[in-house]
Amino acid sequence: MSKESAETFESTPLNEAPPASDPAVENSSSANKKKKKKRSKNNIKNISLIYPDEKYPEGQWLDYNLKRTSEAEEKYIAREQQREQEWNDMRKAAEIHRRVRRNVQNKIKADMPLTDIANTIEDATRKFTGAEDLHTMENPKSQGIGFPTGLSLNSCAAHFTPNAGDKTVLRYEDVLKIDVGVQVNGNIVDSAWTHTFDPKYDNLLKAVREATYTGVKEAGIDVRLTDIGEAIQEVMESYEVEIDGKTYPVKPCRNLCGHNIAPYTIHGGKSVPIVKNGDETKMEEGEHFAIETFGSTGRGFVVPGGECSHYARNAGVQVPSSQLGNAKKLLHNIDTYFGTLPFCRRYLDRLGEEKYLFSLNNLVRQGIVQDYPPLNDEPGSYTAQFEHTILLHPHKKEVVSKGDDY
Ligand code: HZT
Ligand code: MN
Ligand code: MN
């Protein structure tokens, strides 16, 4: 035994004396010897009587062999720390999301321009994350807006946000989906709700809120995506809504989905259906999912249409700069300020980009950038959405974006 370990051994009090109240102590006193002759000399009895609180002394603690620590153990510890960091980043983004939405919920009024609503949300996100000026940030992608604020009205279910000059004003009769993204180190919280002023839409909102909660309840490690869709569909279709004297069944928008979220990637490759679709792919431990459902008084099917505002760089598509022509500077700015995070035209305007539309369209045509046009159900219909981001921990799931509002 080495000198050091011998010292370690001696400094570790093993076989500590049992508690003073223990009968074993009394037993050893000579005064009691005659009196207690009938009791067992060796005090062998159920050990729980000696340790009534069931807390037993710890053994000797020794460090592992240094070599083993530096290999398997260190890798394990690093991965564990990275997971804790990721979860903490998600909780920071979620806390910001709750504060951003509380702020806009207190300000939203009929007759507000959608541009003002978007700026209220996005300015608050920039302040909370310390991402007010992308030009002076050391790492402009380290935290901030996760994706463009969705402000989709009525039959438009998703992916509308105003472009420059948009004059759309929110009206009392509108059904507005507000979809907000916050990211910290690329960990994106994606959560949305539906705002209405008129109580005539209450059953539509209730159907979709309950459908989303059902998706959250069904989600879990090893759960098949089609089974989540089936449960969502059943709840959604159990509702109807009467609007202006006409009764509508609430239909899921069957070609809209939830999705997993990977770092700096809003769509990680898995889609969570909101109808039974036969996809037997399973959710896995450690994944993050956006659980979102859309209900409609229309067809329950969306088509792309209208002016595009949302875009994102396609991950892994690299193109020689000789092929970029006029789009070279624009792509450089996209890579610098957004990477693979979705962005919108307003964010390019803010960076000082001008007359970029031709270049942007070229990048879309070449597959370097993906466009996400507005998604619309039939004209005159009403669509609603609720969405939460969940984390699949080993033994429980965390609805990280949950608030007291929804
Ligand atoms: C795309 C672009 C964005 C992801 C869902 C969604 C808003 O419809 C697989 C399933 C932001 C998000 C997305 F700018 N989309 N969640 N919140 N939109 S999606 C999709 O394209 S891909 C769903
Ligand atoms: Mn969303
Ligand atoms: Mn989403």
Side-chain angles (χ1 to χ4, degrees), residues 90 93-94 97 100-101 118 121-122 125 144-152 156-163 176-183 186-195 208 211-212 215-216 219 225-226 228-229 232 252-262 264-275 277 279 281 283 287-294 301-305 308-315 334 338-348 360 364 369-377 383-391 399-401 406:
M90 288 298 277
H97 196 288
V100 165
R101 73 203 200 211
I121 291 166
E122 291 167 0
T125 302
I145 294 168
F147 54 79
T149 304
L151 294 173
S152 306
C156 179
H159 298 171
F160 182 89
T161 202
N163 286 331
L176 175 64
K177 280 70 63 183
I178 306 181
D179 199 334
V180 174
V182 182
Q183 66 91 7
N187 295 111
I188 309 166
V189 165
D190 177 4
S191 181
W193 74 100
T194 299
H195 183 92
V208 181
T212 294
V216 167
L225 299 171
T226 187
I228 299 172
I232 289 169
C253 293
R254 62 184 185 276
N255 58 337
L256 288 173
C257 301
H259 49 97
N260 67 327
I261 304 171
Y264 292 103
T265 309
I266 189 65
H267 180 213
K270 290 186 182 178
S271 293
V272 184
I274 62 176
V275 295
N277 75 342
D279 186 349
T281 308
M283 291 184 165
E287 287 181 326
H288 301 180
F289 278 92
I291 303 293
E292 59 192 295
T293 80
F294 296 81
F301 190 89
V302 296
V303 292
C308 190
S309 56
H310 289 44
Y311 302 85
R313 178 84 155 88
N314 266 324
I334 292 169
F338 312 112
T340 54
L341 291 168
F343 61 92
C344 63
R345 292 192 199 173
R346 283 184 293 104
Y347 302 171
L348 296 175
L360 183 56
V364 170
V369 166
Q370 176 72 51
D371 57 343
Y372 293 91
L375 299 171
N376 313 288
D377 204 320
T383 61
Q385 174 200 22
F386 284 92
E387 176 174 29
H388 273 302
T389 295
I390 67 170
L391 313 179
V399 188
V400 74
S401 52
Y406 68 91

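Any value given below was found using the heavy atoms of this structure, including those in side chains, with hydrogens, waters and symmetry copies removed. First listed ligand is number 1; within each ligand, the first listed atom is number 1.
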Any donor-acceptor pair under 3.5 Å linking the side chain of [X] with the backbone of [Y]?
| X | Y | answer |
| --- | --- | --- |
| S401 | T389 | yes |
| N260 | K270 | yes |
| T340 | T265 | no |
| D371 | P373 | no |
| H97 | S191 | yes |

Which protein heavy atom lies closest to [atom], and at what distance to 0.1 Å?
| atom | value |
| --- | --- |
| atom 8 (O) of ligand 1 | H159 CE1, 3.4 Å |
| atom 12 (C) of ligand 1 | I266 CG1, 3.5 Å |
| atom 17 (N) of ligand 1 | D179 OD2, 2.9 Å |

Going by atom types only, do D190 and H259 share a side-chain donor-acceptor pair under 3.5 Å?
yes
Between T194 and Y406, do the side chains contain an N or O donor and an N or O acceptor separated by less than 3.5 Å?
no
Atom of [X] nearest the Mn ion (ligand 3) (restricted to N/O/S, atom name only):
| X | answer |
| --- | --- |
| E292 | OE2 |
| E387 | OE2 |
| D190 | OD2 |
| H259 | NE2 |

Output the list of atoms in ligand 1 that are nearer than 4.0 Å to some heavy atom of [X], sorted by atom number.
| X | value |
| --- | --- |
| C257 | 10 (C), 23 (C) |
| E292 | 5 (C), 6 (C), 16 (N), 17 (N) |
| P342 | 3 (C), 14 (F) |
| D190 | 16 (N), 17 (N) |
| P148 | 14 (F) |
| S271 | 9 (C), 10 (C) |

Taking only non-hydrogen atoms of A192, do any sit less than 4.0 angstrom from ligand 1?
no
Any G150 heavy atom less than 4.0 Å to ligand 1:
no
Would you say that [X] contacts [Y] through its side chain, given a criterion of any heavy-atom pair below 4.5 Å between the two side chains?
| X | Y | value |
| --- | --- | --- |
| P342 | H310 | no |
| V180 | W193 | yes |
| L348 | F338 | yes |
| H288 | I188 | no |

Does the protein put any heavy atom within less than 4.0 Å of atom 20 (C) of ligand 1?
no
Residue part near ligand 1, for L256, under 4.0 Å between non-hydrogen atoms
neither
With heavy atoms under 4.0 Å as the rule, classify the contact between A158 and ligand 1 as side chain, backbone, both or neither.
neither
Between A157, G258, G146, which one has a non-hydrogen atom sitting closest to atom 10 (C) of ligand 1?
G258
Parallel, tilted or perpendicular: which describes the rings of H159 and Y372, with under 30° parallel and over 60° perpendicular?
perpendicular
